[in-house]
Amino acid sequence: TSKTMLKGVRKLIPRVHKLDPGCLLRMSTQAPRSIQLPVQRPRAICRTPESDPAKHGDMHEGQHYSIPLQDLKTIFPHGLPPRFAMQVKTFGEACLMVRKPALELLQYLKNTNFTHPAVRYLLYGEKGTGKTLSLCHVIHFCAKHNWLTLHVPDAHLWVKNCRELLRSTYNKQRLDQPLEASTWLRRFKTTNEHFLSQIKVEEKYIWNKRESTEKGSPLGEVVEQGLMRVRNATDAVGIVLKELKRQSCLGRLQLLVAVDGVNALWGRTTLQREDKSPVAPEELALVHNLRKMVDNDWHGGAIVLTLSQTGSLFKPQTAYLPHELLGKEGFDALDPFVPILVSNYNPKEFESSFQYYLENNWLQHEKAPTEEGKKELLFLSNSNPGQLERLCAYL
Amino acid sequence: MAAPCVSCCRGLSYRLFLGLRVNFAQRQGYWQTLPVDAQTAPESQILRLIHTTVVTTKKNVSASGRDSYTEDFIKKQIEEFNIGKRHLANMMGEDPETFTQEDIDRAIAYLFPSGLFEKRARPIMKHPEQIFPKQRAIQRGEDGRPFHFLFYTGRQSYYSLMHDTYGKLLQLEKHNDPFPQKTESMNPIGSRWLIKEELEEMLVEKLSDQDYMQFIWLLEKLLTLQYGPAEEEFIQRFRRSVTIQSQKQLIEPLQYDEQGMAFSTSEGRRKSARAEAVVYERGSGKIRVNGIDYLQYFPITQDREQLMFPFHYLDRLGKHDVICTVSGGGRSAQAGAIRLAMAKALCSFITEDEVEWMRQAGLLTSDPRVRERKKPGQEGARRKFTWKKR
């Protein structure tokens, strides 16, 4: 984009030609007027000091709020998208923008009726519009309000590129994925440390001849078992999910199930058995258990899901609607759900994002702070948050 | 053996075969007068089928070294051309009296369609003056005495022209005041001096760059003085008009749709992509390509930058809506085609000056680059097969 920032191209500025009426050729670009932006005003536009998601309302729309880095480590050990994680590292702060879809979702969550079956909320939208970050916003809210968050950062990771597939000991037809399960367990433990000692398992689980978990022991033990014996990690995950479901039905805790890229659960996998036969998603134990989790046959919490085309397998690039990405099977399984559309930035949000980058000195080009630079960025990114972020990375 | 001769003295070698007299450099002998010369000048030698070396042929060859066409030959060609023109007019069903050169070109293109890429290789029918190169008239009399007094300078036309021009200059200086004021400027932007090639063609002589510059300098000096209509006419012989490019630009008329919104349509091409763009006067900067938003149709930033260029240049980034259809080519060609179509459509909404500025920025010129043809004996258009030493 440096060349669009008019290094060589002559630009028309109507005032210029009055200086030299005989000259047909345009003079080179007028030197940008030095913008004397008042220092305090931009902060008021693009940032808000309110860091509790519960208090975010319509007046905060378009503004960034920052998550303390300590919280980041506990709440999102793996949950942030990689580009956002890089941005957090660069800027030294994690700032999320408060946007309408997230606000709507928070509104619903605040009014959840814990006696009714869990409602499923599905965030969908075009590529790069901010579904995953809205999900992160919601997770932050729930974590702050002492819900137990069950966050699967990307379900697509479970259906592709798996090194080891073991035959499940629990059920002969299914396949285990020890590595993925153990990573997930580790991060689950970091997030919900304080819950693990409080929840008690309701029945006895026998791992093998020597080890078993007694009824009434804390859930933490199951997690430890899964982490220690990697072979049993998948079963541990299954047990955790089952127990949490049961506990939230009993009303002892509020459960938030957050899955990103939920269309992976009903698509196809790229995994193969040793005899090169393809594996269907339901043959994976993790996927099977997760499908049971996002069913609305329990109450005491909420389920927030995100569709994602980016990591999806065998789906066209232009697909973003639920029925396109989920397929018939997935749509029927998730039906009924509350769809929430996440769209591109509106002008106010774009302005806010632009100011945020300017403040952090992320846009180094001399034309960047000007109106023209802003219009160029607006056109080139078409107000798409993902595109804007990628564009600004070069400037 | 014949090759070096031919390449050096373009076609003169055949004259050796025909037994021309090669002694006098300036004599461009006509074939029918040769036998006469041979008889009257017994000391001359008639060469027969002797291949002289390159050096000697070069010395004896005339300065211009052109193929000689007799005057009668040229006259006959002109008659034939005129008759042929009338025949052609009859064939095409047009009036022979008002059959112009453009009509001839069109008729020839119709009767002899050619798929050759090089335009100059296609069949043409033009006046013999344009086809046969200009010849110098015979410059010596029968006694060998040259007609022109500057003959022995070697470049008589050029020096005589310089002489005349300088004479006029001195005359004007004598008549005028020592410090003349220029009342009106003679040369508006619409005309230019002859270029060196044109001058060479006019004088039928080779010039060097310095000669040409000297001549133009003299003419410029002449311009600064006051002169009358005779000098004006003299100077105009050396000026050619320059067509003002911008007037050639076609500006689409505006159309209005049901809501009363003005819009304008135009097409653009690039390589093998064809695009048609409809630009609406008022809008918010949305662009739809084949029904898809341009962000999804062109995921590559470079293509979107191409689309941005016309609007950015005119400072109208968020002001117009565009709906376009495109087909053919690759992504880059499609982006270029849409850009051209949008720029042309935008011409209807902007001032004449802005159209000129866009033209100078290259937004309104269609890119002539197309894929070069693969040649036989080579792997690609330029790439040759791997060279193996043995």
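Only the side chain of B/I287 has a heavy atom closer than 4.5 Å to any heavy atom of chain A. For B/Y294, the part lying under 4.5 angstrom from a heavy atom of chain A is the side chain only.
Taking both residues in full, the closest heavy atoms of A/F379 and B/R304 are given as CE2-O, 3.8 Å, listed atom of the first, atom of the second, then distance. Between B/T301 and A/L380 the shortest heavy-atom distance is O-CD2, 4.4 Å.
To the nearest 0.5 Å, the span separating CG on B/L295 from OG on A/S383 amounts to 9.5 Å.
More than 12 heavy atoms of other residues, nucleotides or ligands shown are found within 6.0 angstrom of CD on B/E372. The environment of A/K160 atom NZ is dense: over 12 non-hydrogen atoms of other residues, nucleotides or ligands sit within 6.0 angstrom. The number of heavy-atom neighbours closer than 6.0 Å to CZ of B/R371, taken from other residues, nucleotides and ligands shown, is 12 or below. The environment of A/Y320 atom OH is sparse: at most 12 non-hydrogen atoms of other residues, nucleotides or ligands sit within 6.0 angstrom. Within a 6.0 Å sphere centred on NZ of B/K196, heavy atoms belonging to other residues, nucleotides or ligands number more than 12.
Among A/E372, A/K375, A/K374, A/E371, the one residue that satisfies the side-chain contact (heavy atoms from CB on, under 4.5 Å) test with B/L317 is A/K375.
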